[in-house]
Amino acid sequence: MSRINKNVILALLTLTSSAFLLFQLYYYKHYLSAKNGAGLSKSKGSRIGFDSIQWEGWFRVAENMGFQCLKIESKDPRLDGIDSLSGTEIPLHYVCKLATHAIHLVVFYERSGNYLWHGPLRLKGHIDKKFVPFRKLQFGRYPGAFDRPELQQITVDGLEILIPKDPTHFLEEMPHSRFIECRYKEARAFFQQYLEDSTVEAMAFRKSAKELLQLAAKTLKELGVRFWLSSGTCLGWYRQCSIISYSKDVDIGIFIQDYKSNIISAFQDAGLPLKHKFGKVEDSLELSFQGKDDVKLDIFFFYEETDHMWNGGTQAKTGKKFKYLFPKFALCWTEFVDMKVRVPCETIEYIEANYGKTWKIPVKTWDWKRSPSNVQPNGVWPVSEWDEVIQLY
């Protein structure tokens, strides 16, 4: 790149240096205030970066400098749960080119879980597919979620710009940032058919379950252990974008290779006593912790085979073992109860493995030994091992 062209591009970058790596950061409530009047403008969550008028100004400045620019918009997923605002479009990507050079600007928005989200680079029918070699624009191709970074100002060729204070962490997040949105429209349809339980008991359970999940996430993050929503908690997210009020527990999954020997003590230190421990690290490990209001946290550890994954179950009275088979899956991010959490990317395959093709229909009577579609017998623990593999508290 010639010196002149580099200076032109750096000057253009400077126009957006008040946003993280050219990314626009919004708070959800403030965005709504722009749509609904000034009533929320003083609410917690001020907006950082440029508003739509300033972005259009940036757009015009770039074009005046000789750039050809393209704006890619799509629906704001944060508004899909609000009928009156669903369908509102927001800018997701800007692509500007000058001769053989191109700048790809990915717009980041702040979500209610205090993380950053960007939308997909999805080309609509009217967009010139030859404008730039879009296949080479790898960053932002799919929706992504990132921890909100602390920023630092640096100088590049005499120009001040902002970058993450910990760029290594940001770069490490990139390959694992893919995001799946909650299916708000399907959730609304579900609750039109099956009315949401609004009893005091149901609302109290959902509140306690949310707090328990948040505490589990905090504890595991401090340990550096990945987890994802599993079983009924995953079904609640995918089917109705909420916690199933009659499930009575919180279910998460962890890969056995991520197990750490201090995981039990970490949860106990967080105020969650161990309720039971079944199995062992080498086979069918399962942990259960007691939360408040009789809501428990079940942790299922997953084992990987050549063509599938599985987690185990143990019947305390008989020592019988069970195995639950799942197709292989990767992990994606989503937003659930105001948190950024992981779920299986291949969500429908994961849920159908566990609940069958009729997963859309609520089932309030559930036998963990017989009801799951993917359960199979897995032998019996030797009596000599019961003290180790069947521990009740």
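Throughout, numbering of the chain's residues begins at 1 and tracks the sequence. Keep in mind that this is a model prediction, so the values were computed, not measured.
- For the pair K129 and F134, the cation does not sit on the ring face, since its NZ or CZ is not both under 6.0 Å from the ring centre and inside 45° of the axis.
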Carefully, step by step, assess V295 and F205 under the rule side-chain contact (heavy atoms from CB on, under 4.5 Å). CA-CA 8 Å; V295 181; F205 169 74; 3.7 Å; yes
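- The backbone N or O of W310 lies less than 3.5 Å from no partner atom in the side chain of E305, so there is not a single donor-acceptor pair.
- Expressed to the nearest 0.5 Å, how far NZ of K296 lies from CG of L272 amounts to 13.0 Å.
- Side-chain N or O atoms of T233 include one that pairs as donor or acceptor with a backbone N or O of D251 at under 3.5 Å.
- Within the structure, ring pair (Phe, Tyr, Trp, His ring centres under 6.0 Å) pairs that include any residue of residues 360-381 comprise F322-W368, Y355-W366 (at least two apart or interchain).
- In terms of modelled atom types and a separation under 3.5 Å, the side chain of K328 and the main chain of T306 share a donor-acceptor contact.
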Checking H308 against F326 for the side-chain contact (heavy atoms from CB on, under 4.5 Å) test, could you report, in this order, the C-alpha distance in whole Å, the side-chain angles of both residues, the deciding distance, and whether it holds? CA-CA 6 Å; H308 68 278; F326 293 84; over 6 Å; no
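- Ion pairing between E181 and R183 fails under the 4.0 Å rule for side-chain N and carboxylate O.
- Within the 4.5 Å cutoff, no side-chain heavy atoms of P120 are placed close to those of Y142.
- Remark: side-chain polar atoms of N374 are paired, donor with acceptor, to backbone N or O of L325 under 3.5 angstrom.
- The existence of a salt bridge linking K210 and D338 is confirmed by a sub-4.0 Å separation between a basic side-chain nitrogen and an acidic carboxylate oxygen.
- When side chains are defined from C-beta on, F329 does not count as touching T347, because their heavy atoms never get closer than 4.5 Å.
- With hydrogens and angles disregarded, no donor-acceptor distance shorter than 3.5 Å links the side chain of R178 to the backbone of A145.
- Checking Q315 against T318 by side-chain atom types alone, a donor-acceptor pair falls below 3.5 Å.
- F255 and L287 are assigned to two separate hydrophobic clusters, defined by single-linkage of ILVMFWY side chains at heavy-atom distances under 4.5 Å.
- In this structure, R148 forms no cation-pi arrangement with Y115, as its terminal cationic atom is not both closer than 6.0 Å to the ring centre and no more than 45° off the ring axis.
- To the nearest 0.5 Å, atoms CG (D166) and CD (Q152) are separated by 9.0 Å.
- Contact annotation: the side chain of Q290 never approaches that of Y393 to less than 4.5 Å [non-hydrogen atoms, C-beta and beyond].
- Atoms CD1 and CG, from I90 and D76 in turn, are 3.5 Å apart once rounded to the nearest 0.5 Å.
- With a 4.5 Å cut-off on side-chain heavy atoms, M65 and L98 do not count as touching.
- Following chains of ILVMFWY side-chain contacts shorter than 4.5 Å, one cannot reach M309 starting from I254, and the two form parts of different hydrophobic clusters.
- At least one side-chain heavy atom of I127 sits less than 4.5 Å from a side-chain heavy atom of I72.
- Between the side chains of E89 and S74, not a single donor N or O lies within less than 3.5 Å of an accepting N or O.
- Residue K280 qualifies as enclosed at atom NZ: its count of foreign heavy atoms under 6.0 Å is above 12.
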Evaluate the criterion side-chain contact (heavy atoms from CB on, under 4.5 Å) for residue pair L151 and K165; output intermediate values, then yes/no. CA-CA 5 Å; L151 304 181; K165 194 170 185 178; over 6 Å; no
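- Placement of V132 and F67 in two distinct hydrophobic clusters is found when ILVMFWY residues are connected by side-chain heavy-atom separations under 4.5 Å, directly or transitively.
- S373 places a side-chain N or O within 3.5 Å of a backbone atom of G356 that can act as its donor or acceptor partner.
- With V225 as the fixed residue, the side-chain contact (heavy atoms from CB on, under 4.5 Å) test singles out one of T219, D258, I299: D258.
- The CG atom of L213 sits 12.5 Å away from the OG atom of S208 when rounded to the nearest 0.5 Å.
- A donor-acceptor pair under 3.5 Å links the side-chain atoms of E173 to the main chain of D147, judged by distance alone.
- Between the side chain of H93 and the backbone N or O of G119 there is at least one donor-acceptor pair closer than 3.5 Å.
- At least one side-chain heavy atom of M174 sits under 4.5 Å from a side-chain heavy atom of F146.
- Cluster annotation: F300 is not connected to F278 through the hydrophobic network of ILVMFWY side chains, with a link wherever side-chain heavy atoms come within less than 4.5 Å.
- The residues K277 and E286 are annotated as not salt-bridged, no charged nitrogen and carboxylate oxygen being separated by less than 4.0 angstrom.
- Remark: R342 fails to qualify as a cation-pi partner of F227 under the 6.0 Å distance and 45° angle criteria applied to the six-membered ring.
- Y238 is listed as a side-chain neighbour of W359, based on a closest heavy-atom distance under 4.5 Å.
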Starting from the C-alpha separation in whole Å, work towards a yes-or-no answer on ring pair (Phe, Tyr, Trp, His ring centres under 6.0 Å) for Y259 and F301. CA-CA 8 Å; Y259 171 83; F301 288 86; 5.7 Å; yes
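- Side-chain atoms of Y350 and E352 include no donor-acceptor pair closer than 3.5 Å.
- W333 places no side-chain N or O within donor-acceptor distance of the main-chain N or O of V343, the cut-off being under 3.5 Å.
- Y303 and S284 share no side-chain donor-acceptor pair at under 3.5 Å.
- Salt-bridge check for D367 with K369: passed, with a basic side-chain N closer than 4.0 Å to an acidic carboxylate O.
- With salt bridges taken as basic N to acidic carboxylate O contacts below 4.0 Å, one links E211 and K292.
- Between K275 and D298 no salt bridge is recorded (no basic side-chain N to carboxylate O distance below 4.0 Å).
- Using a cut-off of 4.0 Å between Lys/Arg side-chain N and Asp/Glu carboxylate O, R206 and D197 are scored as not salt-bridged.
- Linking Ile, Leu, Val, Met, Phe, Trp and Tyr residues whenever their side-chain heavy atoms come within less than 4.5 Å leaves W228 and F336 in two separate clusters.
- In the displayed structure, K97 atom NZ is contacted under 6.0 Å by more than 12 heavy atoms of other residues, nucleotides or ligands.
- Judged by distance alone, the side chains of Y194 and Q240 never bring a donor and an acceptor atom under 3.5 Å apart.
- Distance check: L229 CG to I243 CD1 gives 9.5 Å after rounding to the nearest 0.5 Å.
- Remark: W237 CH2 to C182 SG distance equals 7.0 Å, nearest 0.5 Å.
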Kindly determine whether K207 and D293 satisfy salt bridge (charged side-chain N to carboxylate O under 4.0 Å, His left out), including the steps that lead there. CA-CA 10 Å; K207 180 177 182 295; D293 301 324; over 6 Å; no
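- Residues V106 and L92 are not in side-chain contact: their nearest non-hydrogen atoms beyond the backbone lie 4.5 Å or more apart.
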Derivation of the side-chain contact (heavy atoms from CB on, under 4.5 Å) call for E110 and L116: CA-CA 5 Å; E110 183 162 357; L116 302 184; 4.2 Å; yes
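- Salt-bridge check for K360 with E186: failed, with every basic side-chain N at 4.0 Å or more from each acidic carboxylate O.
- Between the side chain of T199 and the backbone N or O of A202, at least one donor-acceptor pair lies under 3.5 Å.
- By the neighbour-count criterion of 12 heavy atoms within 6.0 Å, atom NZ of K364 is sparsely surrounded, having that number or fewer from other residues, nucleotides or ligands.
- A ring-centre distance under 6.0 Å is found for H118 and F139.
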